[in-house]
Amino acid sequence: MRPDDHVCLCFRVSLRKLQNHLERERPTVASQLSECLGAGTGCGWCVPFLRRLHAQHAAGTLPALDESHEEYARRRTAYRAGRREGTYDRLPSDPMAAEPDRSPASPVRVPLTQLRRGQRAIVDCANLADLPEGERCLLHAMGMHDDCQLRVCSPGAPCIVQIDDTRLGISAEVARRIMVTPIEDGDRRAP
Amino acid sequence: MSAGPDAARPTPRIAVLGNPNTGKTTLFNRLCGVRARTANFPGSTVEGRIGMHRSPAGHVELELVDLPGSYSLSIDVPEARVCRDCLQGSLDGVEPDAMLVVLDATNLRRNLQFAAQALAHRLPAVVALNMWDTARARPECVDPAELSRRLGCPVVPVSGRTGEGLAALDVALDTVVDLPFGADALVARLQRLPPADATQAMLASWADQVTRAAAPAAATPARDADDSLVDRVDVALTHPFVGIAVFAVTMAALFSAIFMVASVPMDLIDLVFGRAAEAVRSALPEGLLADLLADGIVAGIGGVLVFLPQICLLFFLLSLLEDSGYLARAAFAVDRVMRRFGLSGPSFVPLLSSHACALPGIMSTRLIRDDRERLATILVAPFMSCSARLPVYVLLIGILSVGRPAWFAGAAFVACYALGAMAGLLTALLARRTVLRGPARPLVLELPPYRVPALRNALLVTWDRALVFLRNAGTTILAISVVMWWLSAFPRSDGPDARSQQAGSFAGQLGEAVAPAFAPLGFDSQLTVGVLTSFLAREVFVSTMGVLAGAGSDADVSDRTVLEQVAAMPRADGTPVFDPATAAAALVFFVLAMQCLPTLAVTRRETGSWKWPAIQFGWMTLVAYAGALVAHAAVRAWGGAA
């Protein structure tokens, strides 16, 4: 892949921008790369690649991707098509791709910022680990914990969600980290 | 229950605690009314209220301590720390005998998690199920008896807004303070609850279980009835453009209301104290004592009280806005703008209030959770053009706009406000990149439901704030007035008029000594005296210049002759003091300079060290001096070219 090719195709973030961001900000965890123009917060396809870039940078080598950009883009299209049908396309061979939550069996997870107004979803807080401790605990105490159900009142980033009877305003950087599994109407949590 | 008031026994103390937005303070106000005072908890900047309550039916007088609302007892924020310390009895002077846990009955699942953490402490407890009037109407309403069985303590449904259920609460409180410590009931309660060190996940699953048992209908999906309308309103009020426009209009209305309505009582207070000073003068023989009483003390007290109407109105209207649920949305809407300057949504209201007066602005920074962000907000609050600058603006812009088109004065006013706000925001940005470096704290904010604000509550908040203001700032402003008077009254001169007294006094001598420093700005020694006296309180500038211009000490801006006299004041060499360049330089200086001793005192109190007021003073003076220098040079160059 060439430096001007986009790694995150959703938000058009080029490899060069990511390289510069890594050099300049030296993020401690890979998910902080989302602060580089929102990379990885769209369809989620590039997340394993972002992790690889971060790992390369941490190991002291110049972050680069061997895949040809054409192949990369083609497989992303296939991944997105598969996701629409509810089957999870297997991500390319990548050391990080072996995580449990990326297995084919796991349901479709998207960042909170992708939901529509009125849509309901089940929360997965795993990606919140790199938030400041205080903020994470506060979110938990406000009712945002694993497997809780939320409803989107105002979509996007920042967004407003409702959990039980609590409405929470969530700023962009937090909302992008909250992964959710959308549920269709009529498929709500059983009593 | 005890048979009657027992003088030997100390008043039982009850800690009142709960999640934010549970109506805890409304309930507290219901119980205590004006028999409450605001206090700082030892060793923290967290404020709470302490009030006395005697139930109409009960015999026991109770002391209620309103602890700050907190989402959890285990998180590391000041509010949670204060609650924790209080329940553990390690908060000096506020060791409670029992606790009153206030829960929002309409949002039980989340509130129960907090309740479990609170009830795990070894104190007798009563649980108040607040907002009962709303909850009762819902199908998923909780059964108080079942909840009481599960929690192992009395559960009383109440409504702080309507007053419903208060009699039952009184009975429960009277009974609970008589419960001997370590009673069986207490032990049984502790066994039923999750352990004191339970994780949030354990608490959540416990709360789920209890909710399911006590309110079977609550486990079914939430209602969608009117949510869609609320959603639409929320979307609009937090929209990047619409939301900020609505906010701008609301705030413009708020501040015009404050300026317009407050001007009547302010003028009245001015008048009354003016008369009082005259009365003192005529009643006492001429001399030092009369001077001290009239110019120092009466004028000083008047100087305090004159700010009171604005402060009361500000807190009254803000309290109404906060109660309505709008303020949280506004903070959320402006968050993205503030973030560019290293601040966040919650900093906006303090900065806005500072346009009336920096004192309440700095006092209200307690809403900001992040310490560094709070310091940055305190640091820049005095840059906002407060109402005390207004008389100075009127004077100097009046001088500047002589012989210019009518729009000039209006544009100059707007420019002054914009210059102050920009300087403040850029300073915040600079501070957040240097001395107060740190990540902008991500904002997670509860947006409480929209409600009709409770008037009674707003009035009590206002009453409370007014007392705090009078107690804290009042003493400082009074002290300054006396010092000011002393500096300009000593050493006594035998000169016939006020002007020679002013020139020969310590203040005058100081002006002479410091004049060279202000010479590059085009200030002469008279103007320097004016600027120096205004370092204590900037509105003093107008009366000082009036005195120097020989117009007498009770100069008023609306008095044209005084304005004209000041405008035409000659320098020692006969040229006017205020040429356009000097007036512009003085104006810029007043926009940017830190000339308010009470603000420095409040900054010291709120930050707990002299370091921040020192930085604030040094930086603002530096910026003001540089700005004035640039303005002086620019106007001179422009005037030379024209």
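Quick note: numbers below take in every heavy atom, side chains included, and nothing from hydrogens, waters or symmetry partners. Protein chains get the first letters and strands the later ones, always in sequence-line order, with residue 1 at the start of each.
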Novice: Quick one: CZ on B/Arg232 to OG on A/Ser154, what's the gap to the nearest 0.5 Å?
Specialist: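 These two atoms lie 12.0 Å from each other.
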
Novice: Among A/Thr166, A/Asp164, A/Asp165, which residue satisfies the side chain to side chain donor-acceptor pair (under 3.5 Å) criterion with B/Arg110?
Specialist: A/Thr166

Novice: Could you go through the side-chain contact (heavy atoms from CB on, under 4.5 Å) check for A/Ile160 and B/Leu447 one step at a time?
Specialist: CA-CA 9 Å; A/Ile160 301 177; B/Leu447 305 177; 3.5 Å; yes

Novice: Does A/Arg12 CZ have over 12 foreign heavy atoms under 6.0 Å away?
Specialist: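 Not buried by this count: 12 neighbours or fewer within 6.0 Å.
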
Novice: Give a yes or no on this: more than 12 heavy atoms of other residues, nucleotides or ligands lie within 6.0 Å of atom CZ of A/Arg24.
Specialist: yes

Novice: Is a salt bridge present between B/Asp231 and A/Arg151, judged by a nitrogen-to-oxygen distance below 4.0 Å?
Specialist: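 A/Arg151 and B/Asp231: salt-bridged.
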
Novice: Decide, yes or no, whether a salt bridge links B/Asp234 with A/Arg167 under the criterion of side-chain N to carboxylate O below 4.0 Å.
Specialist: yes

Novice: For B/Asp335 and A/Ser171: C-alpha separation, side-chain torsions, deciding distance, then whether side-chain contact (heavy atoms from CB on, under 4.5 Å) applies.
Specialist: CA-CA 8 Å; B/Asp335 180 63; A/Ser171 65; 4.2 Å; yes

Novice: Measuring only between side-chain heavy atoms, which start at C-beta, is B/Val444 closer than 4.5 Å to A/Met142?
Specialist: yes

Novice: Kindly give the heavy-atom pair with the smallest separation between B/Ile75 and A/Cys137, and that separation in Å.
Specialist: CG2-CB, 3.0 Å

Novice: Heavy-atom distances under 4.5 Å only: say whether B/Ser344 touches chain A with side chain, backbone, both or neither.
Specialist: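 Looking at B/Ser344, nothing touches chain A.
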
Novice: To the nearest 0.5 angstrom, please state how far the OH atom of B/Tyr71 sits from the CG atom of A/Leu139.
Specialist: 11.0 Å

Novice: Checking heavy atoms, do the side chain of A/Arg136, its backbone, both or neither come under 4.5 Å from chain B?
Specialist: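 Neither part; nothing is under 4.5 Å.
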
